[in-house]
Amino acid sequence: MYRTKTCGELRIENAGESVELAGWIQKIRNLGGMIFIDLRDEFGITQIVLNDDKLQEQAKDFTTESCITVSGEIVERTNKNPNMPTGDIEVVAKKIEVLGKCKNVLPFEINSNQDVREDLRLEYRFLDLRNEKLHKNILLRSKILKTFRDKMDELGFTEIQTPILANSSPEGARDYLVPSRLNPGEFYALPQAPQQFKQLLMVGGFNKYFQIAPCFRDEDPRADRAPGEFYQLDFEMSFATQEDVFKVIEDVVPSTFEKFSNWKADKGPFIRIPYKEAMEKYGIDKPDLRNPLIIQDATEIFKNSEFKAFENKTIKMIVVPNGANEGRKFFDKMTDFAVQECEAKGLAWAKFDENEEFQGGISKFITEEMKQKLQKDYNVNKNSALFFVADEFEKAQKIAGLVRIELGKRYDLLEKDVFRFCFIVDFPMYELSDEEKIDFNHNPFSMPQGGLEALENENPLDILAYQYDLVCNGYEMASGAVRNHSPEIMVKAFEIAGYTEEDVKTRFGALYNAFQYGTPPHAGAALGFDRMIMLIEDSQNIREVIAFPKNKRARDLLMRAPSVVSEQQLKDVHIKLDL
């Protein structure tokens, strides 16, 4: 037996007992006649005392982060440490055995304030995982996983695993392809999501499905998006509407956030914001509702302005109450941000002072008539600061959205210690691609609002879909839809996006075929599990809640992947490199 107790559970009532502990040496302090060791395991730290000459001689070879086991007696400390749960006691060692010796020189210190390059931490992730904060993040992840499973079971969902080796399908990102040895020239694709499989489960008669699903997408990494692979709480329901899906999310999500965070979390029903309104008011389809600033359209007011930069442009305006107290340097820095970070041509501004007069920036171009309209219709009050973005419509929206986010940060306007949720609804079914071709805006397997009639008679760019996202504090938390369960609607929807019926049969043959055999209406969603933990933990980097993440260039520095493989391995799967 290596241990009879853990390092975190010993208390004053254990004094006088014999104990065996095991863990890692966090710190060694040699005070001459006595040596102290802080012994750490997953559950806490216990101070070990070495006052025996033989043990002190043995300790000369000890190194921090070595793994040891200690036998001894628990005694009450004379100099207690109120900052440690075990600070009332210590263990007088009688025997110590080194189970795993650590090198003398560590690549970085464990549980210190040392600033360590992320790539070095990822290369030695097995050591990094010993750091208390990261270790607790992974333990938290496990607890949230269990909470999800328990909650979904309580709600009557059945957990079902779906294949990892699947088919390639256009779902918004590049596929990871896996060559087939038994089928030369053909490839599997790692699933971007279990989309088709969960719909097929509904056709198969299952009432409610869920799984903690691994998803694989060849996307560029971001602070809130892990490269390569991620996990989502995936669920689907037969005979369900959009409202049924919302009720599940409004039950599962806030209860989880409140259980594992001391922040306040919105309870259902969550605010619902149509996509078009979100873009108009926030310039983004994942608005942070902790930020009180709203984007307003001031195009009509300034249509006859003498300010040349506004000529024939869409004018988006953000009014910051009590924002006029900042100096010129603040406004110049905001302009630099808009130009450098948002690709804006500039950022116009003006202050409305205590005397209800415009000062600075473009104030000389604001006429008395404009001033009255701004006061009456746009909530421009004393000490307000006004920021203007002028560009073509969609670009103006996007830039204003980024400026709004930055203003919220620089003015410190974001509501503290709270999770604000909303559903973004009524997404467009289609959008124009960069090549000016009609493409799916969201999920290609969604039901268009108005069904087949809308697809046949309306402008595709005017058709809305039963698609929705859950947003929390400016992050997309979940995405879902009422699914298309009609083969006729499916064929027509893909036809508008440039696919023939033969394309649909070839690329989505399983769904196309299954829909001929009595498919129930169904709907579902997928919640980003990694991102949810990142928010609960209040981390700015999603890699801090994943045990073995890849770096910013999608490399696994620990396992050294991706890597070059042998010529024989390539021959086995019928591949020849042309680099």
Side-chain angles (χ1 to χ4, degrees), residues 158 160 162-163 165-173 175 186 188-189 191-211 213 215 234-245 425-431 433 437-468 479-526:
T158 302
I160 305 174
T162 54
L165 293 177
N167 63 315
S168 177
S169 65
E171 294 187 37
D175 286 324
E186 297 183 318
Y188 302 102
Q192 294 189 31
Q195 182 65 56
Q196 295 181 66
F197 291 112
K198 65 183 180 182
Q199 291 191 249
L200 290 168
L201 286 171
M202 299 300 100
V203 182
F206 290 95
N207 186 43
K208 293 180 179 180
Y209 138 92
F210 91 98
Q211 70 170 316
C215 303
D234 201 60
F235 71 92
E236 199 78 12
M237 300 184 289
S238 291
F239 309 107
T241 65
Q242 180 171 285
E243 289 301 316
D244 295 319
V245 175
V425 297
D426 297 340
F427 277 86
M429 185 75 181
Y430 300 100
E431 64 182 1
S433 68
K437 295 181 180 179
I438 292 177
D439 200 357
F440 291 107
N441 173 270
H442 204 277
N443 187 313
F445 302 102
S446 302
M447 179 67 77
Q449 296 184 22
L452 187 60
E453 182 180 347
L455 295 178
E456 291 178 337
N457 299 313
E458 294 184 23
N459 180 337
L461 298 179
D462 293 334
I463 299 173
L464 302 179
Y466 289 110
Q467 298 168 336
Y468 36 84
S479 185
V482 174
R483 315 302 180 186
N484 178 4
H485 65 279
S486 160
E488 291 81 16
I489 296 178
M490 180 183 184
V491 168
K492 185 62 180 178
F494 276 91
E495 179 186 301
I496 291 173
Y499 298 85
T500 66
E501 184 168 359
E502 283 304 311
D503 291 332
V504 174
K505 289 180 180 178
T506 301
R507 303 194 70 171
F508 314 108
L511 272 184
Y512 179 84
N513 188 40
F515 283 1
Q516 319 291 327
Y517 293 89
T519 304
H522 53 284

Closest non-hydrogen atom pair, [X] against [Y]:
X	Y	result
P428	N441	O-CB, 3.1 Å
Q199	R483	NE2-CB, 3.4 Å
L455	A493	CD1-N, 3.8 Å
A173	Q192	O-NE2, 2.7 Å
A454	I463	O-CD1, 3.4 Å
N484	S446	CB-O, 3.6 Å

Residues 485-492, side-chain donor-acceptor partners within the protein, below 3.5 Å, at least two apart:
unit_1: S486; atom_1: OG; unit_2: E488; atom_2: N; d: 3.4
unit_1: S486; atom_1: OG; unit_2: E488; atom_2: OE1; d: 3.1
unit_1: S486; atom_1: OG; unit_2: I489; atom_2: N; d: 3.3
unit_1: K492; atom_1: NZ; unit_2: E495; atom_2: OE2; d: 3.1

Where the side chain of [X] meets the backbone of [Y], is there a donor-acceptor pair that is under 3.5 Å apart?
X	Y	result
Y468	A481	yes
Y209	S238	no
Q196	L511	no

As an exercise, state the distance from [atom1] of [X] to [atom2] of [Y], rounded to the nearest 0.5 Å.
X	Y	atom1	atom2	value
L464	Q449	CG	CD	5.0 Å
F445	F440	CZ	CZ	8.5 Å
T162	Q195	OG1	CD	11.0 Å
E453	E458	CD	CD	8.0 Å
Y466	T241	OH	OG1	10.0 Å
K198	D234	NZ	CG	3.5 Å

[X] versus [Y]: any side-chain heavy-atom pair under 4.5 Å?
X	Y	answer
L201	E236	no
F235	K208	no
M429	I496	no
P163	P194	no

Below 30° counts as parallel, above 60° as perpendicular, anything between as tilted: where do the rings of F508 and F494 land?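 It falls in the tilted class, 30° to 60°.
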Query raised in the report: Is there a donor-acceptor contact under 3.5 Å linking the side chains of D503 and T506?
Result: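 The answer is no; no qualifying pair exists.
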Which donor-acceptor pairs under 3.5 Å do the side chains of residues 512-521 make with protein atoms, sequence neighbours left out?
unit_1: Y512; atom_1: OH; unit_2: E501; atom_2: OE2; d: 2.5
unit_1: Q516; atom_1: NE2; unit_2: Y512; atom_2: O; d: 2.8
unit_1: T519; atom_1: OG1; unit_2: A514; atom_2: O; d: 3.4

Q. Just wondering, are more than 12 heavy atoms of other shown residues or ligands nearer than 6.0 Å to NZ in K505?
A.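 Yes, enclosed.
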